[in-house]
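Below you'll find the structure, written out as structure tokens, and then a few comments.
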Amino acid sequence: MNLKSFIHVSKQSFRSNRYLIMKNTALITGASSGIGKELARIHASKGGALILVARRIDLLENLKEELVVKYNVPVHLIQKDLSVVGSSHEVYDEVKQNGWEVDYLFNNAGFGGKGAFLDRDLESDVEMVRLNVMALLKLTHLFGKDMKTRGIGKILQTASTAGFLPGPYQNTYFATKAFVVSHTQGLAHELKGTGVTVTALCPGPVETEFAQVAGFGGSQMFDGAASAYQTALKGYKAMEKGKVICITAFKFTFLIKGILPFMPAKITAAIIAKMQQS
Ligand SMILES: NC(=O)c1ccc[n+]([C@@H]2O[C@H](COP(=O)([O-])OP(=O)(O)OC[C@H]3O[C@@H](n4cnc5c(N)ncnc54)[C@H](OP(=O)(O)O)[C@@H]3O)[C@@H](O)[C@H]2O)c1
């Protein structure tokens, strides 16, 4: 091999970075934007390997390039629509076939949708449940089982403050997040003493593509939204500590723990309805 081809092969290996050792490996769903992208950056900054999952492969490629150059960590990409039946098992199979072990699972991919339940396109809400609930449930079961066998592992589920509230005019989304909160709380109890922890990250409005995708572009609800980086960092730290619930803003902690338990559900629903339509 002459010098020119040696340099070419080295460049190729660097780009594919398949020769780097996978350690402290995190699998992050919804890593192509918003909170998931920031979780990837934070994990890479700690020297951890990454398996990034989303549909938009071009965005994942850009992130991979950034992280490889900046942190020299192994980054593998899986292009997958997780709302498709069978997709979670395909992700798991790909990870196993490559001999990778997932130490951190970030179940983060999700989307919302504005509108009265009966007026919304049913298929869109079904897709939302498949992604926000079913994919999360399956990936947690598949990778959580392996973690429990090894006696070590951490899972962060991106839920929402919506998970504590009734959600008129974004009803299915709120219900999916209520599932994530409840499932995380129960699972955290079952996992005690196993070496595996599970944390629900519960942010209020965050500045990401979420609002646009959910049909809230220009809504007052997202005025003063938190940054994706700060939200991801709080979630990451809570996960490291093994906290069960991480509500990222004090005002929401106060609302959820200090006010909601004393408020009739009908009034809460009326307030939320007004906010969704602002
Ligand atoms: N932003 C907020 O105000 C807020 C508040 C509370 C909770 N959350 C939650 O935070 C999580 C991350 O959302 P975000 O705010 O960061 O929004 P975002 O910028 O829209 O990111 C959503 C991510 O999910 C991925 N995704 C969407 N549909 C997918 C599918 N069918 N298969 C695979 N990946 C899919 C997207 O990637 P591709 O499009 O490339 O597939 C993207 O990477 C969600 O679970 C959301 O519910 C957000």
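Just so you know, ligand 1 is whichever comes first in the structure, and atom 1 is the first atom listed for that ligand.
With respect to atom 3 (O) of ligand 1, the closest heavy atom belonging to the protein is V206 N, 2.8 Å. Protein heavy atom closest to atom 32 (N) of ligand 1, with residue, atom name and distance, is L82 N, 2.9 Å. Closest to atom 28 (N) of ligand 1, if we only count protein heavy atoms, is R55 NH2, 3.2 Å. At the top of the distance list for atom 5 (C) of ligand 1, counting protein heavy atoms only, stands G204 O, 3.2 Å. Summary of contacts: the protein heavy atom closest to atom 34 (N) of ligand 1 is A109 CB, 3.8 Å. Nearest to atom 23 (C) of ligand 1 among the protein's heavy atoms is G30 CA, 3.6 Å. Atom 46 (C) of ligand 1 has Y173 OH, 3.6 Å as its closest protein atom, hydrogens excluded (heavy atom only). Regarding atom 9 (C) of ligand 1, its nearest protein heavy-atom neighbour is T158 CG2, 3.6 Å.
Short contacts between ligand 1 and I35, defined as distances under 4.0 Å to a heavy atom of the residue, involve ligand atoms 10 (O), 15 (O), 16 (O). If you number the atoms of ligand 1 from 1 as listed, the ones under 4.0 Å from a heavy atom of D81 come out as 30 (C), 31 (N), 32 (N). Close approach to K80 involves these atoms of ligand 1, each under 4.0 Å from a residue heavy atom: 32 (N), 33 (C). Taking a cut-off of under 4.0 Å to the non-hydrogen atoms of G34, the atoms of ligand 1 that pass are 16 (O), 19 (O). Atoms of ligand 1 found under 4.0 Å from any heavy atom of N108, numbered from 1 in the order shown, are 11 (C), 12 (C), 44 (C), 45 (O). Which parts of ligand 1 touch L131 is read off a 4.0 Å heavy-atom cut-off, strictly below it: atoms 27 (C), 28 (N), 29 (C), 30 (C), 32 (N). Those atoms of ligand 1 that come under 4.0 Å of a heavy atom in F222, given as number and element, are 3 (O). Atoms of ligand 1 lying under 4.0 Å from at least one heavy atom of A31, given by number and element, are 43 (O).
The heavy atom nearest to atom 22 (C) of ligand 1, out of those in S160, G110, A162, P205, is found in G110. Nearest to atom 18 (P) of ligand 1 by heavy-atom distance, out of A54, S33, S32, is S33.
Within 6.0 Å of CD on E207 lie no more than 12 heavy atoms contributed by other residues, nucleotides or ligands. Around the OH atom of Y169, the shell of radius 6.0 Å holds no more than 12 heavy atoms that belong to other residues, nucleotides or ligands.
Looking at E66 and K37, no side-chain N of the basic residue comes within less than 4.0 Å of a carboxylate O on the acidic one, giving no salt bridge. Under the 4.0 Å criterion applied to side-chain N and carboxylate O atoms, R41 and E38 are assigned as salt-bridge partners. Using a 4.0 Å cut-off between a side-chain N of Lys or Arg and a carboxylate O of Asp or Glu, R56 and E209 qualify as a salt bridge.
Using a 30° and 60° split on the angle between ring planes, F216 and F222 fall in the tilted class, from 30° to 60°. The aromatic rings of Y236 and F106 lie parallel to each other, their planes meeting at an angle below 30°, with 60° marking the opposite boundary.
Assignment of K37 to the shell around ligand 1 is not supported, since no heavy atom sits closer than 4.0 Å. The closest approach between a heavy atom of A159 and any atom of ligand 1 is below 4.0 Å.
Between D125 and the choices R120, R130, K114, the salt bridge (charged side-chain N to carboxylate O under 4.0 Å, His left out) rule is met once, by R120.
Not one N or O on the side chain of T140 forms a donor-acceptor pair closer than 3.5 Å with the backbone of L137.
Hydrophobic clustering (ILVMFWY, side-chain heavy atoms < 4.5 Å, transitive): I21 and V102 are in distinct clusters.
The two residues A31 and L60 make their nearest non-hydrogen contact at C-CD2, 3.9 Å.
Through chains of ILVMFWY side-chain contacts below 4.5 Å, F117 is grouped with L118.
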